[in-house]
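Encoded as structure tokens, the structure appears first; notes follow it.
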Amino acid sequence: VKVMKDNKSNPLRLSSLNHISLVCKSVEESADFYHRVLGFIPVKRPGSLKFDGAWLFGHGIGIHIIQSEAPHKMIKKTVIDPKDTHISFQCESMATVEKKLKQMGIDWVRARVEEGGVYVDQLFFHDPDGFMIEICNCDNIPVVPLAGEVVHACSVLRLPAQQPQISF
């Protein structure tokens, strides 16, 4: 998505999402999940960080996994609730994603959003610590600003979109 920027709508002059950080029970288990299931690649982490963790990169963003100091106190969410906090990834084929999740034994919940006869399909599932992941074809619905901004979907402008690719 390309947003026309001015000082009023972008006072901090932000350019993109860099990374998300996730506190986990097991760095190894979480890093394996994000690599094996979502295709993130482990990358070098600064040696000056004096706590256990891992950095991964893919689909234009980083995921920084941080080892919990009290993993036994972490409560794992078991109910998949699409209204819960989550990160979402665009995919090429919802059928492929569903097939691969089934092969991997990952439970998911399906949802569908409709706007003006256009549909977005969504699959929601948890990482090893219960953090919600969404896979969707959200690019089907154009981004329409509420006021004051000019926003265009990358596919409409034929710009190279940085869309995540799930490879299994």
Side-chain angles (χ1 to χ4, degrees), residues 1 3 12 14 16-46 49-115 118-144 146 153-154 161-168:
V1 176
V3 179
L12 300 181
L14 304 179
S16 66
L17 175 65
N18 181 269
H19 72 274
I20 63 168
S21 291
L22 299 170
V23 175
C24 65
K25 288 182 183 179
S26 166
V27 170
E28 293 76 19
E29 187 178 352
S30 292
D32 177 67
F33 173 87
Y34 282 94
H35 174 67
R36 184 177 47 82
V37 176
L38 297 176
F40 280 81
I41 304 300
V43 295
K44 184 172 174 28
R45 186 172 170 256
L49 295 174
K50 302 301 179 199
F51 54 90
D52 195 16
W55 284 13
L56 298 102
F57 186 81
H59 320 299
I61 64 165
I63 293 185
H64 296 182
I65 297 172
I66 300 168
Q67 177 65 50
S68 171
E69 293 181 8
H72 58 284
K73 291 184 179 179
M74 289 183 66
I75 298 170
K76 181 177 178 178
K77 294 179 182 176
T78 56
V79 175
I80 301 172
D81 179 359
K83 296 184 304 287
D84 202 350
T85 301
H86 62 273
I87 185 169
S88 178
F89 296 95
Q90 176 75 23
C91 74
E92 290 181 4
S93 167
M94 293 298 291
T96 299
V97 171
E98 193 168 346
K99 178 182 171 187
K100 294 296 183 179
L101 291 175
K102 189 174 189 175
Q103 288 173 353
M104 290 186 258
I106 296 174
D107 293 329
W108 74 90
V109 169
R110 181 184 293 121
R112 178 173 256 198
V113 176
E114 184 271 334
E115 177 65 28
V118 178
Y119 295 91
V120 166
D121 294 305
Q122 306 163 295
L123 295 176
F124 294 89
F125 55 95
H126 287 144
D127 78 358
D129 294 294
F131 182 74
M132 185 79 64
I133 308 292
E134 173 191 2
I135 308 293
C136 69
N137 55 5
C138 295
D139 219 19
N140 287 353
I141 294 180
V143 176
V144 179
L146 293 176
C154 295
Q162 291 186 343
Q163 297 176 354
Q165 308 297 316
I166 297 177
S167 57
F168 300 95

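Sequential numbering from 1 along the given sequence is applied to the chain's residues.
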Inset, instruction - For residues Met74 and Val23, report the shortest heavy-atom separation together with the two atoms involved. - result: CE-O, 3.4 Å
Legend entry - Cys24 side, atom SG; Ile65 side, atom CD1 - distance, nearest 0.5 Å: 6.0 Å
Legend entry - Residue pair Ile61 / His19, side-chain heavy-atom distance below 4.5 Å: no
Legend entry - Aromatic contact, Phe33 with Phe40 (centres under 6.0 Å): no
Inset, instruction - Give a yes or no on whether the backbone of Asp139 and the side-chain of Gln90 come within a donor-acceptor separation of less than 3.5 Å. - result: yes
Inset, instruction - Would you check if the side chain of Asn140 reaches a backbone N or O of Tyr119 as a donor-acceptor pair within less than 3.5 Å? - result: yes
Legend entry - Minimum heavy-atom distance Leu22-Asp127, with the two atoms named: CD1-OD2, 4.1 Å
Legend entry - CG-CG distance between Leu123 and Leu101, expressed to the nearest 0.5 angstrom: 6.5 Å
Legend entry - Arg112, Glu134, Arg110, His86 screened by side-chain hydrogen bond (donor to acceptor under 3.5 Å, both in side chains) with Gln122, the one that passes: Glu134
Legend entry - Ring-face cation contact, Phe57 with Arg45, 6.0 Å cut, 45° max: no
Inset, instruction - State, to 0.1 Å, how close Val37 and Met104 come at their nearest heavy-atom pair, and which atoms those are. - result: CG2-SD, 3.8 Å
Inset, instruction - Indicate the atoms forming the closest heavy-atom contact of Ile80 with Phe124, along with that distance. - result: CG2-O, 3.6 Å
Legend entry - Minimum heavy-atom distance His126-Gly130, with the two atoms named: CD2-O, 3.1 Å
Legend entry - side chain to side chain contact (heavy atoms under 4.5 Å, CB included) between Val109 and Phe125, intermediate numbers included: CA-CA 7 Å; Val109 169; Phe125 55 95; over 6 Å; no
Inset, instruction - Please lay out, stage by stage, how Leu49 and Trp55 fare under the test side chain to side chain contact (heavy atoms under 4.5 Å, CB included). - result: CA-CA 11 Å; Leu49 295 174; Trp55 284 13; 4.0 Å; yes
Inset, instruction - Indicate the atoms forming the closest heavy-atom contact of Ser88 with Cys136, along with that distance. - result: OG-SG, 3.5 Å
Inset, instruction - Show your working on side chain to side chain contact (heavy atoms under 4.5 Å, CB included) between Ile133 and Tyr34 and close with a plain yes or no. - result: CA-CA 10 Å; Ile133 308 292; Tyr34 282 94; 3.6 Å; yes
Inset, instruction - Mind checking the CD1-OG spacing from Ile135 to Ser93? Nearest 0.5 Å is all I need. - result: 12.0 Å
Legend entry - Non-hydrogen side-chain atoms of Trp108 and Glu98 separated by less than 4.5 Å: yes
Legend entry - Rounded distance [0.5 Å steps], CG in Asp52 versus OG in Ser68: 11.0 Å
Legend entry - Glu69 atom CD, neighbour heavy-atom count above 12 within 6.0 Å: no
Inset, instruction - Mind checking the OG-CD1 spacing from Ser30 to Ile63? Nearest 0.5 Å is all I need. - result: 10.0 Å
Legend entry - Phe131 side chain reached by Ile87 side chain, heavy atoms, under 4.5 Å: yes
Legend entry - salt_bridge(Asp129, Lys76) N-O dist < 4.0 Å: no
